[in-house]
Colleague: 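My structure is below; once you've seen it, I'll send some questions.
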Amino acid sequence: MIDLAFVRANLPVVEEKLRSRGMDPAVALGDFASIDKERREAITEVETLKARRNKLTEEIARLRKSGADATAVTEETKSLKSEVETLEARATAADERLKTILQTIPNLPQDDVPVGSDEHGNIAEKHWGAKPAFDFTPRPHWEIGEALNILDFNRASKISGSRFVVHFGAGARLERALANFMLDLHTREHGYTEVLPPYMVNSKSLFGTGQLPKFAEDLFHCDDKGPYEPGNFQDGDHWLIPTAEVPVTNLFRDETIEESQLPISFCAYTPCFRSEAGSYGKDVRGMIRQHQFQKVELVKFVRPEDSEREHEALTRHAETILERLELPYRRMLLCTGDMGFASSKTYDLEVWLPGQQLYREISSCSNFESFQARRANIRYRPAGAKKSEHLHTLNGSGLAVGRTYLAILENYQQADGTIRVPHALVPYMNGDTVIGKQQSRS
RNA sequence: GGAGAGAUGGCAGAGUGGUUGAAUGUACCGCCUUGGAAAGGCGGCAUACUCGAAAGGGUAUCCAGGGUUCGAAUCCCUGUCUCUCCGCCA
């Protein structure tokens, strides 16, 4: 959520930033200025009336205590009641309207984010690694995986439906090896603390990180308590997490952290569940787009003045995984039109997939500045300061394990159909250097 | 799933309808005292919104949401969470 006071004081800037995101400020902001004014006027009126009421009730208490008759004052207070209720309803309505506007406005892009309408406006900031050369035609991962009997899409769809996969044998171990490798690297060399959070969260958490109320249709909701109503935080509801960002960022919801504790760096390996509503017919083959995939997520809580530097560092931590695995990639600076709702600046890391002859996103590293901290009410107290402030949150995939898996299949495939194990992964594969054909299941 | 108890400021813990935003203790900050410290003494110490140039007001907040009442931390209803016991269970 962006800051109400900031919008009020910088309306032209906000409009310009929204326009750069491809939004119509008139639609997004509505009649912000007049609603804001109306809200404040209504609040002033209600509070004046309430102040009067409070004075009268005090008067009643005094009169009663001294044994005097308080009937007249009691009657006046009674008559105030409906007036207060009417005005209060107006103030609440205006407040709700303003809240709705603020909650549905995306974060404002940083000044160095390129303006663009879609992914074509993204800028490749760097390329790393040489694309592997093959003396045969490299195949896509689904063909490789099925031929080796390590991936089974048909049985997955039988037991669960479309967009699922089953791993077998050395293939299942490869997934586990990747997760362990990533967690070890981030905890031992990059200073992250490993977290194992719940895989289900409540609505408040999803509001905190920005998935709700706007993106409910992308999530799996587990409770049969009727449809989700924006603004209605049903207590006790459960949603499957779409990313570990949600539980981990919300660890500090409604908390104030001492400045000396910052920065706080967490990494978490979790499954991620996404409904993929609206992506029918897209990436239907292979394990690019699944309802469930595993991911190692990096999350940081930092001082505002450190967030840009920390964003670069976090992105480097994700890149390091790709480099240790010797997977060619490029870093994309996302343009205004391609950034996520809560982000002020995002780098996507895209890995080269020779089987498909294209780059695919394998990590997304974002600086949310105070956007999530404001929604989730996460604060820190600057040393010596009286008032606490919202801190900055960041996160990035480090990496999406499923996509790393398929990148290895495609980049490390050999003419005989087997997979060479990247050097960094050999210790995590019981010393095996090759993944060969597994026992047939059919 | 059944039965019961509870949720108050950083922490502990009073408060069962009326100057209670909330006693008291403790922690924390400042000052006094000291060669320095401890102990002791004095003072300060929630958040959000809103009015105001500021000083300083006002409103709301005692888990959350409703209700009763002139007035609710206190009474009633619903929900959430925590604890105890029983059942079930990895």
Side-chain angles (χ1 to χ4, degrees), chain A residues 1-9 33 35-99 101-103 196 198-208 222-226 228-239 247 250-261 370 373-391:
Chain A
M1 196 155 59
I2 55 177
D3 183 30
L4 169 62
F6 180 85
V7 181
R8 189 182 291 149
I35 295 171
D36 181 47
K37 185 161 170 270
E38 186 187 322
R39 169 179 170 272
R40 287 200 279 173
E41 283 171 358
I43 286 174
T44 308
E45 282 183 63
V46 173
E47 292 188 348
T48 307
L49 216 57
K50 281 186 174 175
R52 166 92 183 128
R53 188 191 60 190
N54 289 347
K55 280 269 185 297
L56 290 175
T57 56
E58 269 177 42
E59 179 68 16
I60 291 169
R62 245 197 312 275
L63 288 172
R64 290 260 171 99
K65 219 172 208 171
S66 63
D69 176 44
T71 315
V73 187
T74 307
E75 286 308 312
E76 184 182 352
T77 316
K78 272 183 184 167
S79 72
L80 269 179
K81 195 172 182 171
S82 67
E83 206 179 336
V84 169
E85 277 171 3
T86 312
L87 278 170
E88 187 148 49
R90 231 181 69 205
T92 307
D95 194 54
E96 290 295 327
R97 283 167 70 197
L98 200 70
K99 240 190 226 158
I101 291 173
L102 279 179
Q103 288 174 1
L196 201 162
Y199 302 157
M200 288 184 177
V201 293
N202 55 31
S203 307
K204 272 194 177 143
S205 295
L206 286 157
F207 178 82
C222 300
D223 304 280
D224 188 17
K225 291 186 179 176
Y228 170 76
E229 303 266 346
N232 165 25
F233 296 113
Q234 305 169 13
D235 286 329
D237 58 349
H238 300 87
W239 305 70
N250 278 280
L251 284 173
F252 294 131
R253 171 148 53 83
D254 294 322
E255 292 192 36
T256 302
I257 298 166
E258 289 304 319
E259 182 179 21
S260 59
Q261 300 292 307
S370 58
R374 194 167 291 108
R375 291 172 80 98
N377 189 29
I378 309 171
R379 300 163 166 276
Y380 83 109
R381 196 179 311 284
K386 241 182 150 174
K387 291 198 73 127
S388 60
E389 293 174 21
H390 295 290
L391 46 69

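All values below were derived from every heavy atom in this structure, side-chain atoms included, with hydrogens, water molecules and symmetry-related copies excluded. Below, chains carry the letters A, B, ... as their sequence lines are ordered, and counting in each starts from 1.
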Colleague: Mind running side-chain contact (heavy atoms from CB on, under 4.5 Å) on E88(A) and T92(A) for me, showing each step along the way?
Modeller: CA-CA 6 Å; E88(A) 187 148 49; T92(A) 307; 4.1 Å; yes
Colleague: Taking G87(B) as the reference, what is the distance to A3(B) when you measure between their C1' atoms (whole Å, please)?
Modeller: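 Each nucleotide's C1' atom is 11 Å from the other's.
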Colleague: Any side-chain N or O of R53(A) less than 4.0 Å from the OP1 or OP2 oxygen of U59(B)?
Modeller: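 Checking R53(A) against U59(B): no side-chain N or O falls below 4.0 Å of OP1 or OP2.
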Colleague: Select from E47(A) and R62(A) the residue whose nearest nucleotide in RNA chain B is closer to the 5' end of that strand.
Modeller: R62(A)
Colleague: Distance check needed: C81(B) C1' versus K204(A) NZ, whole Å only.
Modeller: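 About 11 Å, once rounded to whole Å.
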Colleague: Using whole Å, what does the distance between atom C1' of nucleotide U19(B) and atom NZ of K55(A) come to?
Modeller: 10 Å
Colleague: Taking it one step at a time, do R53(A) and L49(A) satisfy side-chain contact (heavy atoms from CB on, under 4.5 Å)?
Modeller: CA-CA 6 Å; R53(A) 188 191 60 190; L49(A) 216 57; over 6 Å; no
Colleague: From A60(B), G71(B), G18(B), pick the nucleotide closest to the side chain of K50(A)?
Modeller: A60(B)
Colleague: Go through G58(B), C51(B), C49(B) for me and flag the one nearest to the A51(A) side chain.
Modeller: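 Among the listed nucleotides, the one closest to the side chain of A51(A) is G58(B).
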Colleague: Rounding to the closest angstrom, what is the interatomic distance between U20(B) and C31(B) at atom C1'?
Modeller: 30 Å
Colleague: Provide the Watson-Crick or G-U wobble partner of A72(B), both distances under 3.5 Å; none if there is no partner.
Modeller: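 Check on A72(B): unpaired, no WC or wobble geometry under 3.5 Å.
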Colleague: Please state whether the phosphate of G58(B), meaning OP1 or OP2, lies under 4.0 angstrom from any side-chain nitrogen or oxygen of N54(A).
Modeller: no
Colleague: With a 4.0 Å cut-off on heavy atoms, is L56(A) in touch with a base, just the backbone sugar-phosphate, or nothing at all?
Modeller: nothing
Colleague: Return the nearest nucleotide to the side chain of T77(A); candidates are C70(B), C51(B), A48(B).
Modeller: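 Closest nucleotide among those given: C70(B).
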Colleague: Rounded to whole angstroms, how far apart are CG on D237(A) and C1' on U80(B)?
Modeller: 11 Å
Colleague: Ignoring the backbone of T44(A), work out which of C49(B), C51(B), C70(B) is nearest its side chain.
Modeller: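 Side chain of T44(A) sits closest to C51(B).
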Colleague: Going by purine N1 to pyrimidine N3 plus the second Watson-Crick contact, or the G-U wobble pair, all under 3.5 Å, which nucleotide sits opposite U82(B)?
Modeller: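 Answer to the pairing question: A5(B), which forms a Watson-Crick or G-U pair with U82(B).
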Colleague: Please check the phosphate of C45(B) (OP1 and OP2 only) for any side-chain N or O of R381(A) closer than 4.0 Å.
Modeller: no
Colleague: Need one value for R374(A): base, sugar-phosphate or nothing, where a base atom within 4.0 Å counts as base even if backbone is also close, heavy atoms only.
Modeller: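 If one applies the 4.0 Å heavy-atom cut-off, R374(A) turns out to touch nothing in the nucleic acid.
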Colleague: Using the P atom on both, measure U24(B) against A46(B) and round to a whole Å.
Modeller: 14 Å
Colleague: Checking contacts here: which listed nucleotide (A60(B), G18(B), G71(B)) is nearest the side-chain heavy atoms of A61(A)?
Modeller: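 Of all the options, the side chain of A61(A) is nearest to G18(B).
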Colleague: Roughly how many Å apart are G41(B) and G56(B), using the P atom of each and rounding to a whole number?
Modeller: 29 Å
Colleague: Now, which nucleotide makes the Watson-Crick or G-U wobble pair with G87(B), with each of the two distances under 3.5 Å?
Modeller: none
Colleague: Could you walk me through whether E76(A) and R52(A) satisfy the salt bridge (Lys or Arg N to Asp or Glu O under 4.0 Å) test, starting with their C-alpha distance in whole Å, then the side-chain angles of each, then the deciding distance to 0.1 Å, before giving a yes or no?
Modeller: CA-CA 11 Å; E76(A) 184 182 352; R52(A) 166 92 183 128; 2.4 Å; yes
Colleague: Could you tell me the separation between the CD1 atom of I35(A) and the CD1 atom of I101(A), rounded to the nearest 0.5 Å?
Modeller: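 Taking CD1 in I35(A) and CD1 in I101(A), the distance rounds to 4.0 Å.
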Colleague: Pick from R90(A), K50(A), R40(A): which one makes a side-chain hydrogen bond (donor to acceptor under 3.5 Å, both in side chains) with E45(A)?
Modeller: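 In the set R90(A), K50(A), R40(A), the residue that makes a side-chain hydrogen bond (donor to acceptor under 3.5 Å, both in side chains) with E45(A) is R90(A).
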Colleague: Measure CG/N202(A) against P/U80(B) and give the value in whole Å, please.
Modeller: 12 Å
Colleague: U50(B) C1' sits how many Å from L49(A) CG, rounded?
Modeller: 15 Å
Colleague: Does any nucleotide pair with A39(B) by Watson-Crick or G-U wobble geometry, both distances under 3.5 Å, and what is it?
Modeller: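 Answer to the pairing question: none, since A39(B) forms no Watson-Crick or G-U pair.
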Colleague: What is the distance, rounded to the nearest whole Å, between atom CE of M1(A) and atom P of C49(B)?
Modeller: 10 Å
Colleague: Mind checking T57(A) for me? I need base, sugar-phosphate or nothing, with any heavy atom below 4.0 Å counting as a touch.
Modeller: base
Colleague: Using the C1' atom as the point on both nucleotides, what is the distance between C28(B) and C81(B), in whole Å?
Modeller: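 Approximately 29 Å lies between the C1' atom of C81(B) and that of C28(B).
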Colleague: Of the candidate nucleotides C49(B), U19(B), G18(B), which contains the atom at the shortest distance from the side chain of E58(A)?
Modeller: U19(B)
Colleague: Rounded to whole Å, how long is the line connecting atom CG of L87(A) with atom C1' of G58(B)?
Modeller: 15 Å
Colleague: What is the distance, to the nearest angstrom, from the CG atom on N377(A) to the P atom on U61(B)?
Modeller: 18 Å
Colleague: Using heavy atoms to find the nearest nucleotide of RNA chain B for V73(A) and S388(A) separately, return the residue whose nucleotide is more 5′.
Modeller: S388(A)
Colleague: On a whole-Å scale, what distance lies between the P atoms belonging to G10(B) and C85(B)?
Modeller: 31 Å
Colleague: For R52(A), answer base if it contacts any base atom (sugar-phosphate contacts may also be present), sugar-phosphate if it contacts only those atoms, and nothing otherwise; contact means non-hydrogen atoms under 4.0 Å.
Modeller: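 Here R52(A) touches no strand at all.
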Colleague: Would you call K55(A)-E58(A) a salt bridge at under 4.0 Å N-O?
Modeller: no
Colleague: Find the distance between NZ (K204(A)) and CG (D254(A)) and round it off to the nearest 0.5 Å.
Modeller: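 If we round to the nearest 0.5 Å, K204(A):NZ and D254(A):CG are 7.5 Å apart.
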Colleague: With both distances kept under 3.5 Å, what pairs with A12(B), Watson-Crick or G-U wobble?
Modeller: U24(B)
Colleague: Between C42(B) and U33(B), how far apart are the two P atoms, rounded to whole Å?
Modeller: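 My reading of the P atoms in C42(B) and U33(B) gives 15 Å.
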Colleague: With rounding to the nearest 0.5 angstrom, report the CG to CZ distance, D36(A) to R8(A).
Modeller: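 One finds 4.0 Å between CG of D36(A) and CZ of R8(A).
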Colleague: Between G79(B) and U84(B), how far is it from one P atom to the other, in whole Å?
Modeller: 23 Å
Colleague: Could you tell me which nucleotide pairs with A46(B) by Watson-Crick or G-U wobble geometry, both distances under 3.5 Å, or answer none if nothing does?
Modeller: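 When the pairing criteria are applied, U61(B) turns out to be the nucleotide that pairs with A46(B).
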Colleague: Reckon D95(A) touches a base, only the sugar-phosphate, or nothing at all at heavy-atom distances under 4.0 Å?
Modeller: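 Since no nucleic acid heavy atom lies under 4.0 Å of D95(A), the category is nothing.
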